[in-house]
Every structure is written in C-alpha cells, then in structure tokens.
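Below is one structure; the comments refer to it alone.
In each ligand, atom 1 is the first atom listed, and ligand 1 is the first ligand listed. Owing to the predicted nature of the structure, the values given are computational and were not obtained by experimental measurement.
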Amino acid sequence: MDISKTVRILSGVGDKRAEQYAKLGIHSLGDLIGYAPRDYIDFTSPTPVKDIAPDSSAVVKLVIVHKADPQKIRQGLVLYKVTAEDETGQMTLIFYNNRFIYALLEEGQSYRFYGKVTYNFRRFEMNSPVFVSDSERQLILPKYPLTEGLSQNQITDNVKQALGLIGDIPDFLPDEIRRRYELSTLDWAVKNIQFPQSMDAVATAKRRLGFDELFIMQCAMKKIRGKSRVSGSHAMEQFPLTEFTSALPFELTGGQHTAIEEIFRDMASAVPMNRLVQGDVGSGKTAVAAAACWLVYKNGSQTAFMAPTEILAQQHRATLDSFLSPLGVKVGIITGSMTEKQKREERALIADGEVDVVVGTHALISEQTGFADLGLIITDEQHRFGVEQRKMLAQKGGHPHKLVMSATPIPRTLALILYGDLDISIINEYPKGRQKTGTHAVTRKLRPRALGFVKKELDAGRQAYIVCPMIKENPEMEVQSAEEYIKMLEGSIIGGYKTALLHGKMSGAQKDEVMSAFKSGDIKVLVSTTVIEVGVDVPNATVIMIESAERFGLSQLHQLRGRVGRGQYPSTCILLTDNPTPEVRERLRKFSSTNDGFVIAEEDMKMRGAGDFFGTRQSGFPPLRFADLGNDTKLITEAAQASADVFAASPDLSGYPSLNMRVDALINKNGEEGMN
Ligand code: ADP
Ligand code: MG
C-alpha cells in the first residue's frame, strides 16, 4: 500500500485520533511508521529478584502465585495486589483501579514485568508495572513520545497495523552505497526501529536511518549548489597582496594568509564563490574580509558587508576604513537609524559607484539599495540572521561572490552538514602576543571578592563587563531585576565608577549610545543582560564577570569571554554560580581549562545536542530524529563521502530516480534558500 495514504484508513483512527496524530506531525502511514520511539522497554534479560537494587527500575520474570481480593482503600481507590515469584524470591505487584489489567494475569502463568521496585516492610514491590506474557515473541516494546489523549498501546497497535498494510518498503538507497557503508535495508531498519528483536538491532536500524537523514540532506545541498554553480560572476584579476598588507598596522597570521589565498583563488573564477570563514573570536576575521574588499575594489567592483547589528556595522565600518582608506578604497555605511535623507544620499553614491564598500545592517538588504556593480557580499555572524534575510540576500542581483564569516566554531565534519554548500576556510590561530584569558568559576558567596578584583582592574584604568543574573522564566522581569542589580553594584566597592545598563528592551539607538560611551571609556562598567553584542571590540576592557554562569551554554560563555582579552593587557573571566551541581562544576571546569573555541563547541554540542546548540535561529535546518550531530562524526563523514559518490556517478541524480525524489521532497519542504 502507498505510504502517503492518510492514517485515517487504520481501524480505530477517526477524526479525533487523526487530530491527535496531526499534533505529533503524523498525517500519513509513512509518517506513522517513521515515528521514532523515544526509548524501549527491553524485556529480554530479566534480573533475578534477589539481585534487584531497591528504588531502581527492573525487568523481572515471575510466575503468579496468588491474586489477592481487591482492597477498597477509600472512595475511588481500589488496590489490586498480586504475589509473584521466581526461584530467588517473591515480589508484590500493585495495580491501582485497574480491574482490567488485573483480570489479564492468571495464577500459575509466567510473565515479564517492568517497573520501579521499592522495598517495603521487607518485601519487594512493583507499582503499576508494564508486562508481557512470557510466551510473547516481541520482547522489546517501543516507548513513544506521547501527546494528550494518545496512549503507548494505541500508537503501538496503529504502527503494527500500518506496517502490515504497507508490506515491503522499497529502498531508495543505491545498493552499492548500502553495501559499501554496511547499512541495513530500509525495510529492515524501519521494522526494527519499531519492533526490534534486540537492542543491537535498534542500533543497526538507527545507523541506517541516521545515515539517510544526513545523506539526503547533503545530496539536497549538493543539488542546490549544482544549480547555483552557473558562471556569471565577475572573475577577479589578481594583484599582489603586499599592496594590501603594506597598509596594515600588523603582520597577517598564517591562518589569515591562507584564508585570503583561498578567497582570492575562488574569486578568480566566474563561478561564484561560496565560502565560509570560521575563526574563533579575536582571530582577526575582519582583516581577511578587508583583503577581499580590496581585491574587489582593485577590479572596479563593489562589496556589500552585512553585519547583524548596528553597533557591529559601525565598528566594522571604522575598522575597514582604517585598513582600506589608505589604499584609496571608499567605505560607506547604511543603517536603520539614518534619516531618510541620509540614506537617499548614501544610496545615490552607491548607485553611482562612488562608494566601494558598503557596510550595513539588514536595512541594507531589506530596502532598495541598488549597486553600480556588486561583486561580493560578505555576511558577518550569519547565524544571527534569520532565514528570511538570507533569502533576500541570495536574491540580490547578478551572481556576486559570497563570503560568510562565523565566530561559532564548529568541527569540520559538522560544518560539512550544516554548510554543505559552502567551501570552508578555518583560521585556527590568534594574532601574536595575544594573552590567554584566565577563567575562574566561583560560587556567588565569593561575589565580594570578585568585585574586589574588578575594582583593582578599574583602579588600573581598565574597564569591565558584568552580565547580570538571568531570569529565564520571566523576560518581563529582566529589566526590573537588572535595575535592582545595578543599585546593588552602586552600593558596592565599585560604586564610585561610572556604570551603565544595556538590556534587550532598549532601542537600537539607545544601545548604540551606551556602547559608544563604553568604547570611548566614558563608562567604566557595562552591566548587561545577555545582550552584550557578539563581536564588540573594546580592547581596554579586561574583566568580565558573569552571574548565573550555569545557565549559559558553553559556546555562549565563550562568546561572552571573547569580549575581553582583545588588547595588550592580561584579562580575566569570572563565572559566578549558585549551588553548582557536580555536572555544572565539571562543565565549568572544562570551560575554564581551555580557550579553544573548537574544543568548547564540540563539548557543548555533545552535552546539549546539536539542535539546542544551534538554537531556533538555525530554522532552515531540518530536524534530525536519528542522527546525532554531536556524536555521529563517523556517520557524517560517511554520508558526505556517499553523497560525493552518487554525484560523481550522476551529477543531476537522474541515475537514481527514487533517491532523487527523496532529495527533491526535502528541498521543497525547506525551500532552497532555507538550506543555503
Ligand atoms: P574577529 O575574528 O573576532 O572578528 P577581529 O577581526 O575583530 O576578530 O580582530 C580582533 C582584533 O585583533 C582586532 O583589534 C584586530 O585589529 C586585531 N588583529 C587582527 N589581525 C591581527 C594580526 N594579524 N596581528 C595583530 N592583531 C590583529
Ligand atoms: Mg568579528
């Protein structure tokens, strides 16, 4: 039967249940059999009663000895007690108000029970256990994520029925790929993810289904990319880089050099560049971007440089201007806070080609900015852009080269998946002389001492960031609590220093005002809720104190820590926590022991799962149910290799019609730009 048929054709599924299924994203039979159990109850290896540790969950295999008469405890509560045993001991099974279950159990018969065991009055007890008859062949039961009104048994029954109706599931994966990577058939995998014979079978099935997710995603990105790889870009003539570097106030690092070479090589071609530059905070990505702008300028063409916030746009403009204006490059800016007249004038200059590099926030893309000759689009911190903005960016006329800069370091294998359509340059070194930021995690009780340290830095002429306690549950309260926090600081030993607050409810212009006062050194202590702008560069700030550090992801902490250690002075990051659990302690210890963003990102991803790691912003990214981006490194590499194999054999996938259909389905679901 066709897997696209609605679940309504199943017996027992009417309007109401179909609606409940819809809530779980299940509409068709195919959706249903693809609905992954969250866990399993494995009845295959029972524990002897004498070996059970009280207060743990266990599977036992018992013969029913005696069914006691129902006990009416009080109105509406009836207890059904059953005595059962194996060769090593006895146990009491207790069911509440469940005459039906009680009636199913027969004295003298053997069953397998699963549940939490307690030890009461020198007897083992199991409350409301799940059980199967010992003669049952299916000894591993799926546990599904549920929704209101749907029970495990209902889903299990429906899945069974659907599998029966569907019969053999055809495989879309080319046989040679399946064999090369030792994967099971799709039919086997789907059946064993639902009703496995062993937990090993579950692992094997997961491997196949996880491979499919990664493989199809990569194929989709390759296909999209193949389409965009039409030539039509400005092939840039090359110029000696020394002309650019001669104007720089420093020597480029090896990592910067390599990235620039890769970018120049890409832009020499008429096929548009599509490159991601990954570099930890402070690794000097802006200078790399400047070099790209310079080459484009030398070729008589323009660059659009997109920043996620106004503050960053201003900062980039100033930096680019200092690197590039000595070379004759004109750097302009367009931001949301400019007046209409200012914008109009700036746009006229851009349209006339008077401005070579235009820095801006999304206002630059969302409104009509016409370029005389747009050769390159640079996007800074792209993860902070929504899919919509990326779409608009992609639609900007012609075939400009594209460069994306990201300060969220992710392992190369993962980048393959997330940015499968991009080439990647990694800057994995810091400018010389950069000092490591010392990191200390302490409990909140030590805040006075921490503030004492902050004061010492301020006394020495430095500046400080303080991230105030986070109120996750209640963003409305955030401002109020931040204001109270500032009052507390004013009464503390750093009370004499000029302090200002930055929070999410402020307008862009208000934030800018505070930020520039901090940058100029007028404000000494910048207190903020979690909104300290990623990428802000104030080299004189040497200490950051973070309250409720346990509530942040490690990568987020790393970004915050990256606000200091940007100049010639040694810097410090102080993490304050409240009653840290052993896990929190361990997490923060790991964080304190390294400054390497890649190590931290990998750790973070393992702990939180990739979905959380990227947050909802990565909304163009299809959810993965079987593959684990943080831990399945080998599978990711294999899927990448396999997709390269099929595209080498059939560049438009026409040689693999059923695979091609799956790939197109994913592309249609996400939209091309969503995955770009
Ligand atoms: P990020 O990669 O975080 O965007 P930036 O581009 O803001 O880093 O650079 C961080 C700081 O390091 C800036 O003050 C910049 O001028 C400086 N910098 C960049 N490259 C070098 C270098 N090769 N040598 C010395 N300082 C550098
Ligand atoms: Mg930056």
Min N/O separation [X] to ligand 1 under 3.5 Å:
| X | result |
| --- | --- |
| G282 | yes |
| K432 | no |
| G284 | yes |

Item to complete: Give a yes/no verdict on whether any heavy atom in D280 is under 4.0 Å from an atom of ligand 1.
Response: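 It does; at least one heavy atom falls under 4.0 Å.
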Discussion item. Test of understanding: given a 4.0 Å heavy-atom threshold, classify the contact between Q256 and ligand 1 as side chain, backbone, both, or neither.
Written reply: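 The side chain, only.
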Practice prompt. Examine the proximity of ligand 1 to L252 and report which part, side chain or backbone, both or neither, has a heavy atom under 4.0 Å away.
Written response: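 Under 4.0 Å from ligand 1, L252 contributes backbone atoms alone.
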Worksheet item: Does a salt bridge link D356 with K330, judged by any charged N lying under 4.0 Å from a carboxylate O?
Response: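 Answer for the salt bridge query: no.
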Practice prompt. Take the angle between the ring planes of H316 and F305 and call it parallel below 30°, perpendicular above 60°, tilted in between.
Written response: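 The rings of H316 and F305 sit tilted, inter-plane angle from 30° to 60°.
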Worksheet item: Which of parallel (below 30°), tilted (30 to 60°) and perpendicular (above 60°) describes F244 and W294?
Response: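 F244 vs W294 ring planes: tilted.
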Go through ligand 1 atom by atom and flag the ones less than 4.0 Å from a non-hydrogen atom of [X].
| X | value |
| --- | --- |
| E251 | 22 (C), 23 (N), 24 (N) |
| D537 | 13 (C), 14 (O) |
| T253 | 23 (N) |
| S283 | 2 (O), 8 (O) |
| T286 | 4 (O), 5 (P), 6 (O), 7 (O) |

Practice prompt. Report the member of P431, G254, P249, G279 with the shortest heavy-atom distance to atom 25 (C) of ligand 1.
Written response: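 Nearest heavy atom to atom 25 (C) of ligand 1 lies in P431.
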Fill in: For T542, all residues meeting side chain to side chain donor-acceptor pair (under 3.5 Å), sequence neighbours excluded
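T542: side chain to side chain donor-acceptor pair (under 3.5 Å) contacts with E457.
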Practice prompt. Using the test side chain to side chain donor-acceptor pair (under 3.5 Å), find all partners of E354 that sit at least two apart in sequence or belong to another chain.
Written response: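 Testing E354 for side chain to side chain donor-acceptor pair (under 3.5 Å), a comparison that skips the adjacent residues, returns none.
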Worksheet item: Side chain of Q302, backbone of V355: donor and acceptor closer than 3.5 Å?
Response: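 Confirmed, Q302 side chain pairs with V355 backbone.
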Discussion item. Using only atom types and a distance under 3.5 Å, with no angle test, would you say the side chain of Q463 pairs donor to acceptor with the backbone of K524?
Written reply: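 Not at all, since once roles are kept as given, no pair shorter than 3.5 Å links the two residues.
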Worksheet entry | Aromatic contact, F239 with Y297 (centres under 6.0 Å) |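 Not under 6.0 Å, so no.
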